[in-house]
Visitor: 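I am attaching a structure below and will ask some questions about it afterwards.
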Amino acid sequence: MRKKIRNIIIVSILFYIAVISGYFYKKSNTLKELPVYENTAVYPKFTLPQLTDKASYIVNARVINVGKTINNEIPVSLTGDPDDISETLYTPVTPITLKIKNKLKGEINTDTVTYYEDGGITPSYVQLPSGYAMEEGMDVILFLNDEGYCWGAQSIFPVTGNSVILSNSALEYVNNKDVSVINKDSIKSDIRSQIDIDRVKVMDIEKFMSVIDSIIG
């Protein structure tokens, strides 16, 4: 009887070790280094008024969840005829859930919105997004279309503290007196790691939202 119990205990321990070993083996494979590719998406270049007019939704929001990357199906024509859709391309997109702080444009009946970031982590490679990669806790102002997509980097304005990081196109439509220059080191780490210059131009978020509001009319 004791021998039988001892055998059961040994088998249980071996099974537990096998499960743990399998878990860590799978985890190490998942975390293995993957090739990283730049984003090749090309978007029309918009001015800030054009972008404001084009967007169905403009929100100031905080990232609360970065979802699992999915493959987005894009029907294409190899002949150039839009009625002759014969192939399907697959591109990775990552659903990002954001909690809305301010609704600047568009009717949204919930306090969250889903943004589909182009790019993401697939089993075989990583594709960088066009613009800033979203991370949990990151604050942004986003310009989105009806389906939750944007127009690359020009649609994304990161928020650090009470300031918005401005793009060159936005600088043309704001008052220079409201613009200041800050060192990269003073920016929140989730954004700082994605900036490759030492000094950036920013303005107060309330004033920037007022500029957008004035464009909307």
Visitor: So which heavy atom on A55 is nearest to which on W151, and how close?
Guide: CA-CH2, 3.7 Å
Visitor: Please walk me through it: do K207 and V174 pass side chain to side chain contact (heavy atoms under 4.5 Å, CB included)?
Guide: CA-CA 9 Å; K207 290 183 178 179; V174 300; over 6 Å; no
Visitor: For the atom pair CE (M203) and NZ (K177), what is the distance rounded to the nearest 0.5 Å?
Guide: 11.5 Å
Visitor: Would you indicate whether K54, at its atom NZ, is surrounded by more than 12 heavy atoms from other residues, nucleotides or ligands within a distance under 6.0 Å?
Guide: no
Visitor: Between Y43 and Y57, is there shared hydrophobic-cluster membership here, with clusters defined by ILVMFWY side-chain heavy atoms closer than 4.5 Å?
Guide: no
Visitor: Does V211 belong to the same Ile/Leu/Val/Met/Phe/Trp/Tyr cluster as I216, with side-chain heavy atoms less than 4.5 Å apart forming each link?
Guide: yes
Visitor: When rounded to the nearest 0.5 angstrom, what is the spacing between CZ in F143 and OH in Y115?
Guide: 13.0 Å
Visitor: Side-chain contact, heavy-atom cut-off 4.5 Å: I212 with K105?
Guide: no
Visitor: Applying side-chain contact (heavy atoms from CB on, under 4.5 Å) between V200 and each of T160, N183, I187, report the one that passes.
Guide: I187
Visitor: Would a 4.5 Å heavy-atom cut-off, applied to side chains only, mark F46 and S169 as touching?
Guide: no
Visitor: Any side-chain heavy atom of S180 sitting closer than 4.5 Å to one from V202?
Guide: yes
Visitor: For atom NZ of K101, decide whether the heavy atoms of other residues, nucleotides or ligands shown that lie under 6.0 angstrom number more than 12.
Guide: yes
Visitor: Using every non-hydrogen atom in the two residues, find where T122 and P92 come nearest and quote the distance to one decimal.
Guide: CG2-CB, 3.8 Å
Visitor: So with a 6.0 Å cut-off around NZ of K201, is the heavy-atom count from everything else above 12?
Guide: no
Visitor: Counting only heavy atoms not in I121 (residues, nucleotides, ligands), do more than 12 fall under 6.0 Å from its CD1?
Guide: no
Visitor: Before accepting this row, confirm whether a basic side-chain N of the pair D185/R192 lies closer than 4.0 Å to the acidic partner's carboxylate O.
Guide: no
Visitor: Apply the side-chain contact (heavy atoms from CB on, under 4.5 Å) test between N102 and each candidate in I141, I205, N60, V59; give the one that qualifies.
Guide: N60
Visitor: Hey, are D139 and R62 close enough for a salt bridge, meaning a charged N less than 4.0 Å from a carboxylate O?
Guide: yes
Visitor: Are I96 and Y132 in one and the same hydrophobic cluster, where Ile, Leu, Val, Met, Phe, Trp and Tyr link if side-chain heavy atoms are under 4.5 Å apart?
Guide: yes
Visitor: Under 3.5 Å, is there a donor-acceptor pair linking the side chains of D118 and S130?
Guide: no
Visitor: Could you pull out the closest heavy-atom pair between E135 and S193, with the gap in Å?
Guide: OE2-OG, 4.5 Å
Visitor: Quick check: closest heavy atoms across T112 and I108, and the distance to 0.1 Å?
Guide: O-CG2, 4.1 Å
Visitor: Taking atom CG of N162 as the centre, does the number of heavy atoms from other residues, nucleotides or ligands within less than 6.0 Å exceed 12?
Guide: no
Visitor: Side chains of I195 and I165: does their closest heavy-atom pair fall under 4.5 Å?
Guide: yes
Visitor: Kindly indicate whether the side chain of D213, heavy atoms from C-beta on, has any atom under 4.5 Å from the side chain of L104.
Guide: no
Visitor: Same hydrophobic cluster for V164 and I215, using side-chain heavy-atom links shorter than 4.5 Å among ILVMFWY?
Guide: yes
Visitor: Flag the pair M138 / I191 as yes when at least one side-chain heavy-atom distance between them is below 4.5 Å, and no otherwise.
Guide: yes
Visitor: Roughly how far, to the nearest 0.5 Å, is the CG atom of L48 from the CZ atom of F208?
Guide: 5.5 Å
Visitor: Any side-chain heavy atom of Y173 sitting closer than 4.5 Å to one from T52?
Guide: no
Visitor: Distance from E172 atom CD to L166 atom CG, nearest 0.5 Å?
Guide: 12.0 Å
Visitor: Heavy atoms only: give me the nearest K103-T110 pair and the separation to one decimal.
Guide: NZ-O, 3.3 Å
Visitor: So, do L142 and V113 sit near enough that their side-chain heavy atoms are less than 4.5 Å apart?
Guide: no
Visitor: Under the criterion side-chain contact (heavy atoms from CB on, under 4.5 Å), which of S155, C150, P44 is the partner of L51?
Guide: S155
Visitor: Can you hop from V179 to I182 via hydrophobic side chains spaced under 4.5 Å?
Guide: no
Visitor: Looking just at side-chain N and O atoms, do T94 and T69 make a donor-acceptor pair shorter than 3.5 Å?
Guide: yes
Visitor: To the nearest 0.5 angstrom, please state how far the OG1 atom of T91 sits from the CG atom of N71.
Guide: 7.5 Å
Visitor: Considering all heavy atoms of both residues, which atom of P158 and which atom of V140 are nearest to each other, and what is their separation?
Guide: CA-CG1, 4.1 Å
Visitor: Got a second to check how far E117's CD is from Q127's CD, nearest 0.5 Å?
Guide: 10.5 Å
Visitor: With side chain to side chain contact (heavy atoms under 4.5 Å, CB included) as the test, would you mind laying out the steps for L128 and V36 before giving the verdict?
Guide: CA-CA 7 Å; L128 300 177; V36 178; 3.7 Å; yes
